[in-house]
J.: 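The structure follows.
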Amino acid sequence: MNERYTESHLRNILKRTRRIAVVGVSMNEVRPSFYVARYLKLKGYDVVPINPGHAGKTAFGATVLGSLSDIEGEVDMVDIFRRPEHVPAIVDEALERFPALQTIWMQIGVSHEEAAEKARARGVDVVMNRCPKIEYQRLFGELRMGGFNTGVISSKL
């Protein structure tokens, strides 16, 4: 689980993405899946929360849906907060449901090479074992404000 991605590749994904389905979002505000999805929403992304156990509830202004198949329209990215054994079914559903899908993103601790290869074969970018919130903060200068050396040089304070 030591995947390498260039900063420009990750930055491009985060810049081009507009609508993100977050699979496995929790309603518990201290769970990473909740605060990552809320953060992405606050950054201007259209976040679609997915969790069959919470379908119909509201999270950060959006109705939680039971599955990717319940989404109207396309999404650019599917962000997966589920254990690796659940990834193949999620990727299969995403590839079937969203012809214009650009990215499958698996959270920290989540990797599944076979599912990733299937998505890549369809022309979909795959990021594994990373968090879009952390990468956004690192690549767009927000972590520096907290005193972290991100290795990214800019004129922002």
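Every heavy atom of this structure was used, including side-chain atoms; hydrogens, water molecules and symmetry mates were not. In this chain, numbering begins with 1 at the start of the sequence shown.
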J.: Mind checking whether Leu95 and Val124 have side chains closer than 4.5 Å, heavy atoms only?
T.: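 In contact.
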
J.: Could you state the interatomic distance from CZ (Phe34) to CE (Met27), rounded to the nearest 0.5 Å?
T.: 6.5 Å

J.: Scan Asp125, Val91, Val78 and name whichever one has a side chain to side chain contact (heavy atoms under 4.5 Å, CB included) with Leu101.
T.: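 Exactly one pass, corresponding to Val78.
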
J.: Any heavy-atom pair between the side chains of Glu135 and Ile13 that's under 4.5 Å?
T.: no

J.: What's the shortest heavy-atom distance between Gly73 and Arg97, and which atoms?
T.: O-NH2, 3.2 Å

J.: So which atom in Ala37 and which in Val47 form the shortest heavy-atom distance, rounded to 0.1 Å?
T.: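 Looking at all heavy atoms of both residues, the closest pair is O-CG2, 3.7 Å.
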
J.: Do the non-hydrogen side-chain atoms of Ile71 and Ile50 ever get within less than 4.5 Å of each other?
T.: yes

J.: In Å and rounded to the nearest 0.5 Å, what is the CZ to CG distance from Arg18 to Asp46?
T.: 11.0 Å

J.: So which heavy atom on Arg130 is nearest to which on Trp105, and how close?
T.: O-NE1, 2.7 Å

J.: Phe140 versus Leu14: any side-chain heavy-atom pair under 4.5 Å?
T.: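 Contact flag for Phe140/Leu14 side chains = yes.
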
J.: Kindly compute the distance separating OG1 (Thr6) from CZ (Arg11), expressed to the nearest 0.5 Å.
T.: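 So the gap between those two atoms works out to 9.0 Å.
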
J.: Measuring from atom CG of Leu40 to atom CE of Met77, what distance do you get when rounded to the nearest 0.5 angstrom?
T.: 7.5 Å

J.: In terms of heavy-atom contacts, does CZ of Arg31 have more than 12 from other residues, nucleotides or ligands at under 6.0 Å?
T.: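 Counting other residues, nucleotides and ligands, CZ of Arg31 stays at 12 neighbours or fewer.
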
J.: Below 4.5 Å, heavy atoms only, C-beta onward: do Val110 and Arg82 meet side chain to side chain?
T.: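 They are not in contact (no side-chain heavy atoms under 4.5 Å apart), so the answer is no.
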
J.: Report the C-alpha separation of Thr17 and Gln102 in whole Å, then their side-chain angles, then the decisive distance to 0.1 Å, and conclude whether the side chain to side chain donor-acceptor pair (under 3.5 Å) test is met.
T.: CA-CA 8 Å; Thr17 299; Gln102 297 175 347; 4.7 Å; no

J.: Passes side-chain contact (heavy atoms from CB on, under 4.5 Å), Asp79 versus Gln107? Steps please.
T.: CA-CA 7 Å; Asp79 183 14; Gln107 281 293 333; 2.9 Å; yes

J.: Please say whether the positively charged group of Lys41, taken as NZ for Lys or CZ for Arg, lies over the ring of Phe60, i.e. under 6.0 angstrom from the six-membered ring centre and within 45 degrees of the axis.
T.: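 Pair Lys41/Phe60 does not count as cation-pi.
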
J.: Would you say Asn129's side chain and Ile108's backbone share a donor-acceptor pair under 3.5 angstrom?
T.: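 It does not hold such a pair.
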
J.: Heavy-atom distance under 4.5 Å between the side chains of Phe81 and Val25, does that happen here?
T.: no

J.: Which value, rounded to the nearest 0.5 Å, describes the distance between Phe98 atom CZ and Ile104 atom CD1?
T.: 9.0 Å

J.: If you count every heavy atom of other residues, nucleotides or ligands that lies below 6.0 Å from Lys118 atom NZ, does the total exceed 12?
T.: no

J.: Decide side-chain contact (heavy atoms from CB on, under 4.5 Å) for Val22 and Val36; before the verdict, give the C-alpha distance in whole Å, the side-chain angles of both, and the deciding distance to 0.1 Å.
T.: CA-CA 9 Å; Val22 180; Val36 167; over 6 Å; no

J.: Does a side-chain heavy-atom distance below 4.5 Å link Pro88 with His112?
T.: yes

J.: Would you say the side-chain atoms of Ser33 pair up with the backbone N or O of Ser26, donor to acceptor, closer than 3.5 Å?
T.: yes

J.: Roughly how far, to the nearest 0.5 Å, is CG of Asp76 from OG1 of Thr103?
T.: 7.5 Å

J.: Could you tell me whether Glu96 atom CD has more than 12 heavy atoms of other residues or ligands within 6.0 Å of it?
T.: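 Result for CD/Glu96: open.
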
J.: Is there a side-chain contact between Lys133 and Lys43, using heavy atoms and a 4.5 Å cut-off?
T.: no

